[in-house]
Every structure is written in structure tokens, then in C-alpha cells.
2 protein chains.
Amino acid sequence: MSVRISQQARAVLAVLAERRCHLTAEEVLASMESIGTATVYRALDHLTEIGLVRRLALGKKSAVYEYIRDSHLHFVCNRCGAVHDIQTDMTGMIREAAKCCGHEVEWAEVTAHGLCKDCRAVWDEIPAQESVQ
Amino acid sequence: MSVRISQQARAVLAVLAERRCHLTAEEVLASMESIGTATVYRALDHLTEIGLVRRLALGKKSAVYEYIRDSHLHFVCNRCGAVHDIQTDMTGMIREAAKCCGHEVEWAEVTAHGLCKDCRAVWDEIPAQESVQ
DNA sequence: AATGAACTGAGAACGATTATCATATAGTCA
DNA sequence: TGACTATATGATAATCGTTCTCAGTTCATT
């Protein structure tokens with residue numbers, strides 16, 4: 001595993017670093033011009049391997065990638081699908097819990113599912129009713 | 001969304017409940033006889049919707065499902081791919097953190113990645129060396 | 001320039017999941 | 001029970017994210 005970063009991989013990294021959010025491979029592809037699909041996937045793989053980028057499984061169809069900066073957890077809204085970052089670091093606690101079982105944590109992914117702030121607001125506006133068919 | 005459970009869905013649930021582990025749709029399919037692929041996926045979807053089963057994104061190619069019992073986190077080994085349960089409940093903490101941002105957590109998924117107990121043991125036996133090509 | 005290693009991208013291939021649809025089953029009411 | 005309707009089933013096709021293949025290109029080194 002080489003730590004060198006090719007031109008294209010650097011461009012992919014730039015997209016993730018600038019946007020500072022969670023992008024699918026397709027979204028990265030869409031926000032770049034003249035780059036092949038395979039190249040984007042390869043770049044994301046490589047960046048993940050060398051630890052500059054994290055591949056997240058947020059329960060959606062496709063994987064999402066984010067540039068690694070600080071430790072935070074992800075909140076995925078059940079209704080609108082939006083992903084929000086929540087600045088909290090639980091790595092230490094998770095590491096301790098795993099240590100008790102003999103496992104060594106490299107990194108941890110915390111994903112919360114529920115109703116986001118915006119959707120809660122919308123929800124409150126709508127009068128309660130049985131689902132109409 | 002109906003809460004009724006069909007015969008086949010009940011059978012799928014039984015598999016998950018008995019095995020008490022994380023199974024892919026394909027694994028469920030393989031451990032049953034005379035059931036169609038679509039039916040397994042539909043059953044898993046339905047069971048997930050009515051809250052008896054949880055669909056987990058552990059970062060593997062396919063989703064895994066588990067029968068919901070207690071709250072625990074998942075440890076996925078980078079080397080052997082095994083999934084271990086770790087009995088710890090962080091839901092309260094995660095819920096609080098999300099609450100601060102206005103989000104309402106329904107459930108949370110904690111996945112730790114690293115080297116599992118068994119693989120650490122193997123690792124320790126092998127003398128350190130540069131990767132030979 | 002010459003050599004070989006690594007990178008690229010178009011398109012094929014793959015694999016997990018979902019959609020389709022004709023048939024079968026379950027549920028309901030007369 | 002029989003008739004009728006809604007729902008479930010499963011074989012198969014279709015979809016879609018991702019990976020593979022391979023010929024051509026770029027890069028690094030000499």
C-alpha cells in the first residue's frame with residue numbers, strides 16, 4: 001500500500017475536503033469533470049486505506065465518504081434522509097468497552113437514526129391523524 | 001404498514017431469533033428451504049419496519065439483520081471480518097448528544113472497527129516484518 | 001530516449017437488492 | 001361453505017452501486 005497520492009486522487013480528496021460533508025462516490029463523480037467512474041472509486045478506496053478519508057455505512061444504498069477531521073457522530077433522519085454531524089467523541093468509551101472483550105479498536109462509527117430538527121418542526125405543524133389511504 | 005406477520009415472515013424471524021446473530025439476507029435464505037429470494041427480502045423489510053428486527057450497515061457489501069433483544073455495539077474485525085457483540089448501552093448518551101442539536105433519536109448504531117481478540121493473538125505470533133512482495 | 005511501474009477511463013461484469021406479474025393463499029362476509 | 005377481495009408468494013427480469021478488465025497513458029528513474 002503506497003502512500004503516494006495521484007493527481008486524480010488528490011482532486012477527489014480536494015472535493016471531500018472543501019465540501020466538508022458526506023458524499024457518495026456518485027456525488028463526487030458529479031462534482032468533477034473528466035474523470036472516470038473507476039478512478040473515483042479507486043481514489044476513494046486508496047484515500048480510505050491511507051487514512052485520509054473515511055468510508056461510512058449510514059444505512060443508505062451507497063457508501064458515503066468524508067474527509068477525516070474531528071471525531072463526531074452521524075444523525076440520519078428517517079424522514080428526509082439528511083445526515084447531520086453531532087460533535088461528540090465517544091471513541092474512548094467505545095475503545096474501553098471493546099478492550100474488555102479483548103478487541104482493539106481502530107476507529108468507531110456512531111450512527112443515530114430518528115427525526116431531525118427540521119422534520120420535527122414540520123411534524124408538529126401537522127395535526128395528528130390516522131394515516132389516510 | 002400492517003403489523004400482521006405472514007407465515008414466511010414468521011419463519012424468517014424464527015431463524016434470526018434462534019441464531020441470535022447477524023445474518024445477511026442470503027444467509028437467511030440459505031438456512032431455509034423452499035422460500036423465494038424476494039420473500040426473504042420482503043420479510044426482512046417488514047420485520048424491520050414493525051420493529052422486531054434491525055437492519056445493520058456494518059460496512060460490508062450486504063446488509064445484515066439481527067433480532068432485536070438488548071442494546072449492544074458491534075465490533076467488526078478488519079482482518080477476519082468477524083462481527084462480535086459488545087454488551088454496552090450508549091443509547092442514552094447518544095440521545096442526549098443529539099438532543100442538544102434538536103434531533104430526536106429513535107435508535108443508534110455503534111460499530112467499532114479494528115483487530116479482534118483472535119486476530120490479535122495470531123498477529124502476536126508472527127514476527128514483525130516488512131511486507132514481502 | 002528507454003524501461004518498467006503505476007494510473008486512467010470506457011465499458012463489461014458482478015452481486016445485492018428491488019420490481020414485475022401470474023399464481024396461490026388468507027380473510028371476510030353473505 | 002362459497003364467493004369475493006386483499007395480500008403473500010416466488011420465478012424471473014430489471015436496477016443500480018461497485019468492481020474488474022484491458023488497452024492506452026503518464027510518471028519516475030536511468
Side-chain angles (χ1 to χ4, degrees), chain A residues 1-16 21-50 52-66 76 78 81 83 109 111 130-133, chain B residues 1-16 22-50 52-66 76 78 81 83 111 130-133:
Chain A
M1 178 182 81
S2 149
V3 184
R4 349 189 50 265
I5 303 180
S6 72
Q7 293 280 319
Q8 304 288 50
R10 194 175 303 276
V12 166
L13 182 61
V15 169
L16 288 174
C21 64
H22 327 83
L23 298 176
T24 62
E26 202 186 353
E27 287 167 340
V28 171
L29 186 62
S31 66
M32 297 179 73
E33 38 196 37
S34 66
I35 190 169
T37 312
T39 306
V40 169
Y41 279 100
R42 270 187 299 240
L44 289 171
D45 274 359
H46 186 226
L47 293 170
T48 301
E49 273 175 7
I50 64 178
L52 289 177
V53 158
R54 192 153 282 164
R55 187 202 324 272
L56 303 170
L58 299 184
K60 312 203 169 194
K61 287 162 213 157
S62 36
V64 301
Y65 297 83
E66 68 172 10
V76 182
N78 283 338
V83 179
E109 190 178 356
T111 310
E130 291 302 303
S131 64
V132 181
Q133 88 117 6
Chain B
M1 179 181 84
S2 151
V3 183
R4 340 188 64 262
I5 303 179
S6 73
Q7 293 281 319
Q8 303 288 49
R10 196 175 301 277
V12 167
L13 182 61
V15 169
L16 288 175
H22 326 84
L23 299 176
T24 63
E26 201 186 354
E27 285 166 341
V28 171
L29 185 63
S31 66
M32 297 178 74
E33 37 197 35
S34 64
I35 190 169
T37 313
T39 306
V40 169
Y41 278 101
R42 271 187 299 238
L44 290 170
D45 273 359
H46 186 225
L47 293 169
T48 301
E49 273 175 7
I50 64 178
L52 289 176
V53 158
R54 195 153 280 164
R55 187 204 323 272
L56 303 170
L58 300 183
K60 312 204 168 191
K61 286 162 214 156
S62 36
V64 301
Y65 297 82
E66 70 174 6
V76 182
N78 283 338
V83 179
T111 311
E130 290 302 304
S131 64
V132 182
Q133 88 117 0

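Naming: A, B, ... by sequence-line order, numbering from 1 per chain.
First and last contacts of DNA chain D with chain B, using any nucleotide atom under 4.0 Å from a protein heavy atom and ordered 5' to 3', fall at D:dA8 to D:dA11.
The line from OH of B:Tyr65 to CG of B:Leu52 is 14.0 Å long, rounded to the nearest 0.5 Å. Here the CZ atom belonging to B:Arg42 is positioned 13.0 Å from the CD atom belonging to B:Glu49, to the nearest 0.5 angstrom. Annotation: the span from A:Leu16 atom CG to A:Glu27 atom CD amounts to 10.0 Å, rounded to 0.5 Å. Atoms CG and CG, on B:Leu44 and B:Leu29 in that order, are 10.0 Å from each other to the nearest 0.5 Å. A:Arg54 contributes atom CZ, which lies 7.0 Å from atom CD of A:Glu66 (distance to the nearest 0.5 angstrom). Rounding to the nearest 0.5 Å places NZ of A:Lys60 at 11.0 Å from OG1 of A:Thr111.
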Check your understanding: How does each nucleotide of nucleotides 5-19 of chain C score, in 5' to 3' order, for protein heavy atoms under 4.0 Å: base (B), sugar-phosphate only (S), or none (-)?
Key -> --SBBB-----SBBB
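In this structure, A:Gln8 contributes its side chain and A:Ala43 its backbone to no donor-acceptor pair below 3.5 Å.
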